[in-house]
Protein chains: 2
Amino acid sequence: MPPVLDDDLDTVFAALGDRTRMAIISRLARGEATVGELAEPFDLTHQAVSRHVGILRRCGLVSQRVDGQRRPCRLDVERLGELAGWIGEQQRAWESRLDRLEDHLAAVRKDRA
Amino acid sequence: MPPVLDDDLDTVFAALGDRTRMAIISRLARGEATVGELAEPFDLTHQAVSRHVGILRRCGLVSQRVDGQRRPCRLDVERLGELAGWIGEQQRAWESRLDRLEDHLAAVRKDRA
DNA sequence: CCCTTGCGCAAGGAGTTGGTTGCAGACGCC
DNA sequence: GGCGTCTGCAACCAACTCCTTGCGCAAGGG
């Protein structure tokens with residue numbers, strides 16, 4: 001099962017809509033970590049963290065490689081970039097709307113002159 | 001009740017973790033719209049959309065002003081910017097990690113010479 | 001070969017989400 | 001004042017989320 005290639009950005013947003021998973025991502029941004037290492041700072045069972053990692057993996061934010069019995073997790077920054085891209089689009093759309101508004105105001109001022 | 005000022009970024013991510021709400025945000029990025037206008041493109045009852053707007057309002061992504069019996073919604077881009085900021089932090093942390101790795105490799109190369 | 005360690009799957013239960021319908025308040029028009 | 005429109009709240013229900021416990025399986029160390 002591929003880690004989902006569609007632009008299911010909503011699943012990525014949903015995955016980050018949880019403090020624990022946000023913290024996991026922050027941790028992984030500082031470097032690879034095994035599931036056990038990820039679980040340590042939390043007051044959660046191992047399996048709960050394993051599940052969170054599964055969710056992050058399924059939405060494409062995290063990948064895992066196999067190293068003996070360990071399964072180090074790695075952040076997929078590209079996926080984060082897609083999120084940032086979507087947000088940027090909205091911001092740009094909003095700003096271009098403001099531009100249009102300014103154009104309009106400029107036109108009005110010119111008209112009045 | 002203030003629209004929440006904390007950095008509850010997880011609530012913002014959670015709010016965007018829904019296609020309908022992503023679409024609403026996209027719509028609002030193109031300009032103000034009333035709840036009725038927002039509801040139109042969806043195959044949903046009016047109240048369902050009203051609820052989605054409430055969620056977006058509570059997490060600080062959307063604000064509403066009163067215009068007679070209408071309640072035009074406005075995107076709060078600044079809040080979007082906070083999201084983008086968090087994502088950017090993670091990306092930078094990741095990249096600086098790569099930098100450190102490169103430094104390490106450089107040190108190794110130097111050592112070998 | 002056994003035992004421990006690291007990890008994931010399955011089942012079950014409390015809580016939350018997202019939908020609906022029904023009702024009520026505020027405004028505009030006649 | 002009386003009526004239709006725009007909107008939000010309350011109640012209810014199906015579906016999902018997140019946690020836990022229990023089990024299974026593969027890898028390494030004695």
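Residue numbers begin at 1 in each chain, while the letters A, B, ... track the order of the sequences. Both backbone and side-chain heavy atoms feed into the values below; hydrogens, waters and symmetry mates do not.
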Using only side-chain N and O atoms of [X], determine if any of them is under 4.0 Å from OP1 or OP2 of [N].
{"X": "A:His46", "N": "C:dG6", "answer": "no"}
{"X": "A:Ser50", "N": "C:dC7", "answer": "no"}
{"X": "A:Arg70", "N": "D:dG28", "answer": "no"}
{"X": "A:Gln47", "N": "D:dG22", "answer": "no"}

* So which one's nearest nucleotide on DNA chain D is more toward 5', A:Arg21 or B:Val35? ->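 Closer to the 5' end of DNA chain D: B:Val35.
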
* **NZ/NE/NH1/NH2 to OD/OE distance under 4.0 Å, A:Glu89 and A:Arg92** =>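 Salt bridge flag = no for A:Arg92 with A:Glu89.
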
* Answer yes when A:Arg19 and B:Asp8 have at least one side-chain N-carboxylate O distance shorter than 4.0 Å, and no when they do not. => yes

* To do: Scan A:Leu38 against the nucleic acid and name what it touches under 4.0 Å (heavy atoms): base, sugar-phosphate only, or nothing.
  => nothing

* Have a look at A:Gln64 and say if it touches a base, only the backbone sugar-phosphate, or nothing, with a 4.0 Å heavy-atom cut-off. => sugar-phosphate

* To do: Step by step, work out the side-chain contact (heavy atoms from CB on, under 4.5 Å) result for A:Val53 and A:Gln64.
  => CA-CA 9 Å; A:Val53 169; A:Gln64 274 177 313; 3.9 Å; yes

* Asked: Can you find a donor-acceptor pair, distance only, under 3.5 Å between B:Arg51 side chain and C:dG19 base?
  ->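 Answer is yes: a donor-acceptor pair is held.
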
* Rounded interatomic separation in angstrom, taking CZ from B:Phe42 and C1' from C:dT20 ->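 Rounded to the whole Å, the gap is 17 Å.
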
* To do: Please report, rounded to the nearest Å, how far the P atom of D:dT17 is from the CZ atom of B:Phe13.
  =>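 Checked: the CZ to P distance equals 18 Å.
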
N/O-N/O pairs, protein side and nucleotides 26-30 of chain C side, under 3.5 Å:
residue	atom	partner	partner atom	Å
C:dC27	O2	B:Gln69	OE1	3.1

Could you tell me whether a side-chain N or O of [X] sits under 3.5 Å from a main-chain N or O of [Y], the two making a donor and an acceptor?
{"X": "B:Arg70", "Y": "B:Val66", "answer": "no"}
{"X": "A:Glu82", "Y": "A:Arg79", "answer": "no"}
{"X": "B:Arg71", "Y": "B:Asp67", "answer": "no"}

Choose from [options] the nucleotide whose nearest atom is closest to any side-chain atom of [X].
{"X": "A:Leu44", "options": "D:dC19, D:dT7, C:dC7", "result": "D:dC19"}
{"X": "A:Thr34", "options": "C:dG18, D:dG8, C:dC7", "result": "C:dC7"}
{"X": "B:His52", "options": "D:dC19, C:dG19, D:dT20", "result": "C:dG19"}

* Asked: Do A:Leu44 and A:Thr20 pass the side-chain contact (heavy atoms from CB on, under 4.5 Å) test, and can you show the C-alpha distance, the side-chain angles, and the key distance before you say yes or no?
  -> CA-CA 10 Å; A:Leu44 283 177; A:Thr20 302; 4.1 Å; yes

